[in-house]
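No experiment lies behind these values; they were computed from the predicted model shown. All chains are named by letter (A, B, ...) in the order of the sequence lines, taking the proteins before the strands, and each is independently numbered beginning at 1.
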2 protein chains.
Amino acid sequence: MTPGYPEGMTTEVPPSAPPDTAPDAVPEEDWLHLEHQICFSLHAASRAFNGVYRVLLKELGLTYPQYLVMLVLWEHGRTPVKRLGEHLRLDSGTLSPLLKRLEAAGLVRRERSTRDERSVEVLPTGQGVALRERAALVPRRIMAATGFTLEEIVDLRSRLDRLTGALDAAALEEAPDCG
Amino acid sequence: MTPGYPEGMTTEVPPSAPPDTAPDAVPEEDWLHLEHQICFSLHAASRAFNGVYRVLLKELGLTYPQYLVMLVLWEHGRTPVKRLGEHLRLDSGTLSPLLKRLEAAGLVRRERSTRDERSVEVLPTGQGVALRERAALVPRRIMAATGFTLEEIVDLRSRLDRLTGALDAAALEEAPDCG
DNA sequence: CGCAATTCAGTTGTGCACAACTTAATGACG
DNA sequence: CGTCATTAAGTTGTGCACAACTGAATTGCG
């Protein structure tokens with residue numbers, strides 16, 4: 001292991017070290033290496049999670065994002081697409097076709113609001129509500145699959161939420177100028 | 001907040017409580033609720049991370065998965081598609097078109113192995129190697145965006161790796177029978 | 001009222017993830 | 001040697017994520 005760099009690959013990063021963002025004395029060369037591992041980990045964890053859900057949700061006929069939508073609908077009932085997007089951090093470009101598929105599957109209905117005709121409200125059908133009972137087994141099986149205790153899960157969740165908040169804020173600052 | 005359930009939504013989950021997997025005395029009804037928050041968190045964190053990378057990598061002309069591929073190539077040089085897939089947990093269905101785009105961008109070349117004509121080896125072009133210098137700034141900016149210390153990041157990484165390992169193992173057991 | 005700006009859902013186009021399949025090369029075995 | 005299982009890469013089809021855009025409804029303001 002630790003294969004080292006192939007010839008011609010060591011790219012002498014200029015030694016400019018902005019001291020405000022560097023939390024430690026990590027050589028510049030090692031950053032890509034470390035980074036390497038970290039972003040792999042997050043990416044891989046997300047996909048592994050998705051994979052386990054895929055297996056469990058297959059018998060419910062749901063994909064993972066569809067399951068997330070149903071969770072919101074089971075909890076809140078009739079919900080405008082806009083609010084679904086806020087809960088799930090998804091825009092209409094993702095939700096519109098997804099909801100169309102859920103509607104085609106007979107799990108939700110979409111009704112244009114009478115008060116504001118721009119808005120479309122989504123509500124679970126009887127079949128959609130009934131699915132909740134079968135879905136109730138999923139969380140426990142997911143928990144078992146992680147091998148984590150409840151405390152560990154909750155702790156991980158709070159870290160991830162903090163991460164998400166920081167990243168969202170950074171993305172906003174990064175966007176137009178601000179630099 | 002805490003909107004409560006809309007009428008007709010409370011679905012009396014049967015009180016069967018398998019004691020082997022329940023780490024705590026959490027009411028069955030609350031599982032979906034808790035689950036709700038947890039899977040949202042992971043999903044959202046992954047997408048938030050992706051969003052920040054998207055912004056930073058835009059000026060390099062890379063997507064996040066393409067960046068992951070380049071990280072492997074920068075570290076290991078010439079690598080067969082098969083091994084890339086092992087590093088990144090991706091199959092040829094994902095990698096083939098991705099590598100085709102990287103090749104079209106002039107960042108990598110693909111060469112069929114002479115020793116085993118089934119295998120295709122990927123290697124960075126001069127342009128691809130040169131890109132590494134500009135990419136060296138990315139990890140630091142990502143770190144800054146997270147607001148996490150190096151220790152926190154490393155700790156989070158180990159948790160996520162443990163999670164991924166457990167989930168992968170569970171997915172294998174879940175698959176055919178094993179029940 | 002009349003018109004511009006905003007809001008909301010939907011569409012289009014690109015790219016990733018993955019299951020299922022195809023094709024070609026390799027290796028094992030009789 | 002010939003046959004068959006295995007392996008590697010690629011292709012096809014479905015679905016998600018997101019940017020950019022369209023179009024209709026609403027709101028704000030003069």
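By the 4.5 Å heavy-atom criterion applied to side chains, E152(A) and R162(B) are counted as neighbours. Looking at L90(B) and L84(B), their side chains never come closer than 4.5 Å, going by heavy atoms from C-beta outward. Between F40(B) and T164(A) the shortest side-chain heavy-atom distance does not fall below 4.5 Å.
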So which protein nitrogen or oxygen atoms get under 3.5 Å of nucleotides 1-3 of chain C's nitrogens or oxygens?
none

Below 3.5 Å is the cut-off: list the nitrogen or oxygen pairs between protein and nucleotides 8-12 of chain C, distance only.
unit_1  : atom_1 : unit_2  : atom_2 : d
dC8(C)  : OP2    : K82(A)  : NZ     : 3.0
dA9(C)  : OP1    : V81(A)  : N      : 3.4
dA9(C)  : OP1    : K82(A)  : N      : 3.2
dA9(C)  : OP1    : V120(A) : N      : 3.3
dA9(C)  : OP2    : K82(A)  : N      : 2.8
dG10(C) : OP1    : R110(A) : NH1    : 3.0
dG10(C) : OP2    : S96(A)  : OG     : 3.1
dG10(C) : N7     : S92(A)  : OG     : 2.5
dG10(C) : O6     : S92(A)  : OG     : 3.4
dT11(C) : OP2    : K100(A) : NZ     : 3.0

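Between the T79(A) side chain and the G77(A) main chain, a donor and an acceptor come within less than 3.5 Å of each other. Under the 3.5 Å distance criterion, the side-chain polar atoms of R47(A) are matched with a main-chain donor or acceptor of R89(B).
Between E117(B) atom CD and dT6(D) atom C1' the separation is 18 Å, expressed in whole Å. When the P atom of dG15(D) is taken as reference, atom CZ of R47(A) falls 20 Å away, rounded to whole Å. The CG-C1' distance, from L68(B) to dG15(C), rounds to 14 Å in whole Å. Across the protein-nucleic acid pair, Y64(A) atom OH and dA19(C) atom C1' stand 20 Å apart, rounded to whole Å. Computed from coordinates, the L84(B) CG to dA17(C) P distance equals 13 Å when rounded to whole Å. Atom CZ in R54(B) sits roughly 10 Å away from atom P in dA20(D) (whole-Å rounding). Remark: C1' of dT11(D) and CG of L98(B) are 16 Å apart, rounded to the nearest angstrom. The nearest whole Å value for the distance from the CG atom in L88(B) to the P atom in dC18(C) is 11 Å.
Between E111(B) and R78(B), at least one side-chain N (NZ, or NE/NH1/NH2) sits under 4.0 Å from a carboxylate O, which counts as a salt bridge.
Within the cation-pi definition used here (under 6.0 Å to the ring centroid, within 45° of the axis), R159(A) does not qualify as a partner of F148(B).
Between S119(B) and S113(B), the side chains place no donor N or O within less than 3.5 Å of an acceptor N or O (distance only, hydrogens not considered).
Projected onto DNA chain D by closest heavy-atom contact, R115(A) and R89(A) fall at different nucleotides, the more 5' of which corresponds to R89(A).
Contact detail for S46(A) and L42(B): the closest heavy-atom pair is CA-CD2, 4.1 Å.
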